[in-house]
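To keep things clear, I will list the structure first and then write my remarks on it.
Note that ligands are numbered from 1 as they come in the structure, with each ligand's atoms numbered from 1 the same way.
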Amino acid sequence: MPLIVQKYGGTSVGNPQRIKNVAGRIAGYHARGDKIVVVVSAMSGVTDNLIKLAREIMPLPDEREMDVLLSTGEQTTIALTAIALHSIGVPAVSLTGAQAGIVTDGVHTKAKIQNITPRSVHELLNRGKVVIVAGFQGETPDGQVTTLGRGGSDLTAIALAAALKADLCQIYTDVDGVYTTDPRIVPSAKKLQEISYDEMLELASLGAKVMQSRSVEFAKKFGVIFEVRSSLNENPGTLVKEETKSMEGIVVRGVALDKNQAKITLVAVPDKPGVAARIFKAVGDAVVNVDMIVQNISHGAGTPATDLSFTVDKPDLLKARKVIEGLQKEIGFREVIATENIAKLSLVGVGMKSHTGVAGKLFETLANEGVNIEMISTSEIKISIIIELSKGEQAMKAVHAAFLGA
Ligand code: ADP
Ligand code: ASP
Ligand code: MG
């Protein structure tokens with residue numbers, strides 16, 4: 001009997017009718033005799049609204065309480081989905097993350113899964129039930145509710161597929177699969193039949209929110225092959241799997257734009273050993289992920305000083321800024337400049353390993369658009385640049401047209 005893990009995202013369960021449609025699809029698989037575990041997200045907009053409510057009360061709410069708050073979004077959807085299945089005669093049981101045996105560390109709002117003991121899931125499946133699991137949430141060994149970072153229902157699905165040794169893992173969303181870039185911004189984006197874990201990982205961590213990047217990391221580590229497909233039609237989706245030889249023939253697989261970045265610049269930092277270590281240790285201790293770092297050469301006469309810029313996720317800007325300001329006296333830099341007015345544009349492709357000229361063509365395309373480059377970073381299979389937020393989509397369209405066709 002095949003075991004299938006299906007995940008339905010926020011839009012797919014966005015209203016009662018959509019939840020009924022999802023139930024209909026699940027019923028079809030159930031009627032074939034498959035064992036089905038369904039992971040659902042909060043209904044679209046619900047998580048954002050809960051965050052907004054909390055921030056109306058205070059700008060930097062306690063993260064433990066945020067997890068208690070945010071986990072209610074998914075808890076609503078599991079019950080509604082189970083009810084929708086009951087209404088069409090399909091036996092179904094809803095489980096919270098904790099009830100499904102998802103154990104995490106205690107880093108609230110971005111907890112990591114430590115292990116999964118899916119005993120109750122197995123028991124329910126063996127009794128012929130469809131098991132509906134709340135995405136995005138888990139529990140620490142001592143019973144605290146945690147969440148897995150935005151988009152974390154993807155991770156719940158992939159991790160459950162690995163733990164249950166599922167035969168199939170399907171990620172249902174509101175587009176037909178993974179495209180060369182966000183099809184909502186660039187209508188000429190093309191659907192990919194397949195993509196390697198590494199490319200998907202880069203695209204995801206660089207802003208293509210179709211998959212949460214940590215979920216792709218997990219899938220790669222445990223070899224979970226998964227399909228991204230639409231909950232609104234029957235079209236075949238995109239298969240995400242290990243790299244094959246033929247994939248290298250394509251230089252650029254996709255383009256991503258991340259508008260969720262913010263930049264902090266420390267002006268005139270004393271240029272001496274240990275300073276960067278002090279800064280990034282403090283930022284790391286506050287559990288803020290740093291992405292790009294750029295340090296300029298020393299300038300001016302007198303004591304050598306340098307400007308140091310780094311990027312963080314927008315929601316972490318306030319926290320990061322507070323940490324840095326707390327170091328000003330000790331380190332003695334002149335000022336901190338924090339801005340949300342940036343975007344990160346990235347080109348990804350395993351073929352970049354063996355092809356040259358990508359950077360040149362990228363910079364030329366941006367120059368023709370009058371887009372200034374603020375920061376650059378590269379890896380074997382990607383190039384990322386920081387640009388002004390307001391020029392992000394224009395640059396994305398131009399770069400997609402240059403590399404992947406209009
Ligand atoms: P879900 O709620 O199902 O998890 P998300 O909103 O998190 O869905 O992700 C799906 C969205 O990701 C799409 O609606 C699309 O706008 C966006 N997206 C960004 N980049 C891509 C891409 N390369 N391919 C497909 N979708 C993308
Ligand atoms: N509801 C959570 C979010 O909006 C998790 C998810 O949708 O995957 O980030
Ligand atoms: Mg998502």
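- Side-chain atoms of T147 and H108 form no donor-acceptor pair, as typed in the model, at a separation below 3.5 Å.
- Closest to atom 1 (N) of ligand 2 among all protein heavy atoms lies E74 OE2, 2.7 Å.
- Nearest heavy atoms, V178 versus T238: N-OG1, 2.9 Å.
- Near V178, meaning under 4.0 Å from one of its heavy atoms, ligand 1 places the atoms 24 (N).
- Protein heavy atom in closest approach to atom 2 (O) of ligand 1: G10 N, 3.0 Å.
- The closest protein non-hydrogen atom to atom 5 (P) of ligand 1 is K209 CE, 3.9 Å.
- Residue G151 places at least one N or O, backbone or side chain, under 3.5 Å from an N or O of ligand 2.
- Of all the heavy atoms of T181, the ones lying under 4.0 Å from any atom of ligand 1 belong exclusively to the backbone.
- Remark: E243 engages K353 in a salt bridge, criterion side-chain N to carboxylate O under 4.0 Å.
- Heavy-atom distances between Q212 and ligand 1 stay at or above 4.0 Å for every pair.
- For E139 and Q144, the side-chain atoms include no donor-acceptor pair closer than 3.5 Å.
- When heavy-atom distances to ligand 1 are checked against a 4.0 Å cut-off, K191 has no atom that comes that close, whether in backbone or side chain.
- Protein heavy atom at the shortest distance from atom 8 (O) of ligand 1 is T173 OG1, 3.1 Å.
- What sits closest to atom 7 (O) of ligand 2 on the protein, heavy atoms only, is S41 OG, 3.2 Å.
- Once rounded to the nearest 0.5 Å, the distance linking CG of L404 with CG of L192 reads 8.5 Å.
- Checking only distances, T180 never comes within under 3.5 Å of ligand 1, N or O to N or O.
- K7 forms no cation-pi arrangement with Y172, by the criterion of a distance under 6.0 Å to the ring centre and an angle within 45° of the ring axis.
- With respect to atom 24 (N) of ligand 1, the closest heavy atom belonging to the protein is Y179 N, 2.9 Å.
- No more than 12 heavy-atom neighbours from other residues, nucleotides or ligands sit within 6.0 angstrom of CZ on R119.
- Using a 4.0 Å cutoff on heavy atoms, G152 counts as a contact of ligand 2.
- Between M292 and I385 the shortest side-chain heavy-atom distance does not fall below 4.5 Å.
- Nearest to atom 25 (C) of ligand 1 among the protein's heavy atoms is G177 O, 3.3 Å.
- Nearest non-hydrogen protein atom to atom 11 (C) of ligand 1 is D174 OD1, 3.9 Å.
- Under the 3.5 Å distance criterion, with hydrogens and angles disregarded, no donor-acceptor pair is assigned to the side chains of N341 and K263.
- What sits closest to atom 16 (O) of ligand 1 on the protein, heavy atoms only, is D182 OD1, 2.8 Å.
- Only the side chain of P183 comes within contact range of ligand 1, with a heavy atom under 4.0 Å; no backbone atom does.
- Checking only distances, S153 does come within under 3.5 Å of ligand 2, N or O to N or O.
- When hydrogens are left out, the protein atom nearest atom 27 (C) of ligand 1 is V210 CB, 3.7 Å; that is the closest non-hydrogen contact.
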Margin query: Using side-chain hydrogen bond (donor to acceptor under 3.5 Å, both in side chains), reason through Q170 and Q6 one step at a time and then give a plain yes or no.
Written below: CA-CA 5 Å; Q170 300 172 319; Q6 300 185 333; 2.9 Å; yes
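- Nearest protein heavy-atom neighbour of atom 9 (O) of ligand 2: R150 NE, 2.7 Å.
- Side-chain atoms of N21 and Q17 form a donor-acceptor pair, as typed in the model, at a separation below 3.5 Å.
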Note to self: Using side-chain contact (heavy atoms from CB on, under 4.5 Å), reason through I225 and V240 one step at a time and then give a plain yes or no.
What the structure shows: CA-CA 6 Å; I225 297 173; V240 186; over 6 Å; no
